[in-house]
Every structure is written in structure tokens, then in C-alpha cells.
Amino acid sequence: MLPLVAREQLARFADVFCETGVYTVGESREILTAAREVGLDLKLHADELNSSGGAELAAELSATSADHLAAISEPGIRALGTAGTVATLLPSTMLFLGKPSQAPARRMIDAGLPVALATDFNPGTSPTVSLPLVMTLGVSLLRLSAADGGDCGDA
């Protein structure tokens, strides 16, 4: 399927959900390596509910981003920091799932990781398209501040 997707330009990225009970690190590596071989860029949904090594894999493969990261390990934070992979945090997902933990945004920023916020809009785990809501959750749940915004582009 990946060669067809790349040839027909149906996607720019391959994204694997590397999580306990979904795809293992080994399975994710196999899929993402095949995706890169046909010219797709890489992203991972990683370490959302468990620290499964997804962040480390994202760093190893120089993925564009690792998303979720609510259960990222300290080695995962260090690995992403070294690789320059963007930590895309999705605070609305954990809120809608009723989970008490959120990604350790402050530790990530203090470790020098590039951090982004996103909605993760989908009907199952994050039924919001509101980026202002996500930014509010970033402040209230992730303990971010306006000063953490850095370069937000043109307003």
C-alpha cells in the first residue's frame, strides 16, 4: 500500500500509533522504514498512555514529530531533544479521555525540545477543532505560559 500512496501522492506523512496494544516499537520501525523508503516523511503517535519507547523510536528515525507523549520517559525526552523532533502535545485528548495525567510540557521545554500544541480532532478522543481551547488547556493543564509561545507566525 505504501508505494501506491507515495506514487499517487495521497499522503505526505506516514503516522504510526506506537503504543502498548497497538503497534510495537519493532512493528512501528518496520512500517516507518518502509514508508521512508518510498519517500514519505514520518510521524508517530507515541507514549500516550504508556511509556512504550515510541519517543525514542521517533528520535532514532528523525521523525518530524512525536505526538501525545503524556507518558514519555526521561530517556524519551532526552532522545527527542537530541533529534530535534517536535513534541506535539494534545491536551484535549487526555481531557476528553478523562485521564489525570498530561504530557510533561515544562520538562520538555526545559530540556530544549521544540513543543507544539494541536487539537487531535477526531470524534473518538478529541471532538474539538478549537485551537483557542487547546491553548487554554496548555496554560491550565500543561503549565505553559504565553512566553512559551515563541514564534507563533503571523498573527
Side-chain angles (χ1 to χ4, degrees), residues 11-36 40-153:
R12 183 173 158 212
F13 292 92
D15 187 354
V16 173
F17 192 0
C18 183
E19 182 77 45
T20 303
V22 188
Y23 289 102
T24 66
V25 169
E27 292 165 339
S28 298
R29 181 182 290 110
E30 183 178 347
I31 294 165
L32 293 169
T33 300
R36 176 168 279 147
L40 295 173
D41 292 324
L42 310 180
K43 294 185 176 190
L44 280 84
H45 280 56
D47 300 336
E48 177 181 3
L49 304 171
N50 302 290
S51 182
S52 62
E56 291 90 331
L57 178 62
E60 172 191 324
L61 297 176
S62 299
T64 299
S65 70
D67 306 342
H68 290 286
L69 304 171
I72 191 172
S73 66
E74 287 302 320
I77 291 173
R78 286 192 301 275
L80 288 180
T82 301
T85 297
V86 174
T88 304
L89 309 183
L90 308 161
S92 58
T93 301
M94 300 310 281
L95 178 70
F96 284 113
L97 288 174
K99 300 294 182 184
S101 64
Q102 287 282 344
R106 175 61 39 215
R107 289 198 329 259
M108 292 176 180
I109 289 170
D110 291 346
L113 267 71
V115 172
L117 296 176
T119 66
D120 196 31
F121 172 65
N122 71 81
T125 62
S126 187
T128 183
V129 295
S130 175
L131 193 53
L133 172 61
V134 169
M135 293 168 64
T136 299
L137 295 174
V139 171
S140 63
L141 299 178
L142 301 181
R143 306 293 183 234
L144 298 175
S145 70
D148 294 319
D151 181 10
C152 296

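- Going from atom CG of L144 over to atom OG1 of T136 covers 11.5 Å, rounded to the nearest 0.5 Å.
- Inter-residue side-chain proximity for L80 and M108 is flagged as unmet; no heavy-atom pair is nearer than 4.5 Å.
- Every side-chain hydrogen bond (donor to acceptor under 3.5 Å, both in side chains) that E56 has, sequence neighbours left out, goes to S73.
- With hydrogens and angles disregarded, no donor-acceptor distance shorter than 3.5 Å links the side chain of D15 to the backbone of L42.
- Using a distance-only test at 3.5 Å, with no hydrogens or angles considered, no donor-acceptor pair links the side chain of R107 to the main chain of I77.
- Contacts of T88 classified as side-chain hydrogen bond (donor to acceptor under 3.5 Å, both in side chains), with partners at least two apart in sequence or in another chain: D67.
- Remark: F96 CZ to D120 CG distance equals 11.0 Å, nearest 0.5 Å.
- Residues E48 and A70 share a closest heavy-atom pair of O-CB, 3.3 Å.
- Counting heavy atoms from C-beta on, the side chains of T125 and T93 come closer than 4.5 Å.
- Between the side chain of Q102 and the main chain of L142, no donor-acceptor pair closer than 3.5 Å is present.
- No side-chain N or O of S52 forms a donor-acceptor pair with one of T20 less than 3.5 Å apart.
- Closest of all the heavy-atom pairs between A46 and A55 is CB-N, 3.8 Å.
- In this pair, H45 and H68 present their aromatic rings tilted. The plane angle is within the 30 to 60° band.
- L133 CG to L95 CG: the interatomic distance, rounded to the nearest 0.5 Å, is 7.5 Å.
- With a 4.5 Å cut-off on side-chain heavy atoms, L137 and L117 do not count as touching.
- Distance CZ/R143 to CD1/I109: 13.5 Å, rounded to 0.5 Å.
- Side-chain N or O atoms of E19 include one that pairs as donor or acceptor with a backbone N or O of N50 at under 3.5 Å.
- From T24, atom OG1 reaches atom CZ of R29 across 9.0 Å, with rounding to the nearest 0.5 Å.
- By the 4.5 Å heavy-atom criterion applied to side chains, V134 and P91 are counted as neighbours.
- For the pair G54 and C18, the tightest heavy-atom approach, listed with the atom from each and the gap, is CA-SG, 3.8 Å.
- At least one donor-acceptor pair closer than 3.5 Å links the side chain of T85 to the backbone N or O of A63.
- Of the inter-residue distances, the one linking I72 atom CD1 with L113 atom CG reads 6.5 Å to the nearest 0.5 angstrom.
- Between D41 and R36, the closest side-chain pair of non-hydrogen atoms is not below 4.5 Å.
- In this structure, E30 has no salt bridge (Lys or Arg N to Asp or Glu O under 4.0 Å) partners at least two apart in sequence or on a different chain.
- Heavy-atom minimum distance, S28 versus L57: CB-CD2, 3.5 Å.
- Side-chain atoms of S126 do not come within 3.5 Å of backbone N or O of N122 as any donor-acceptor pair.
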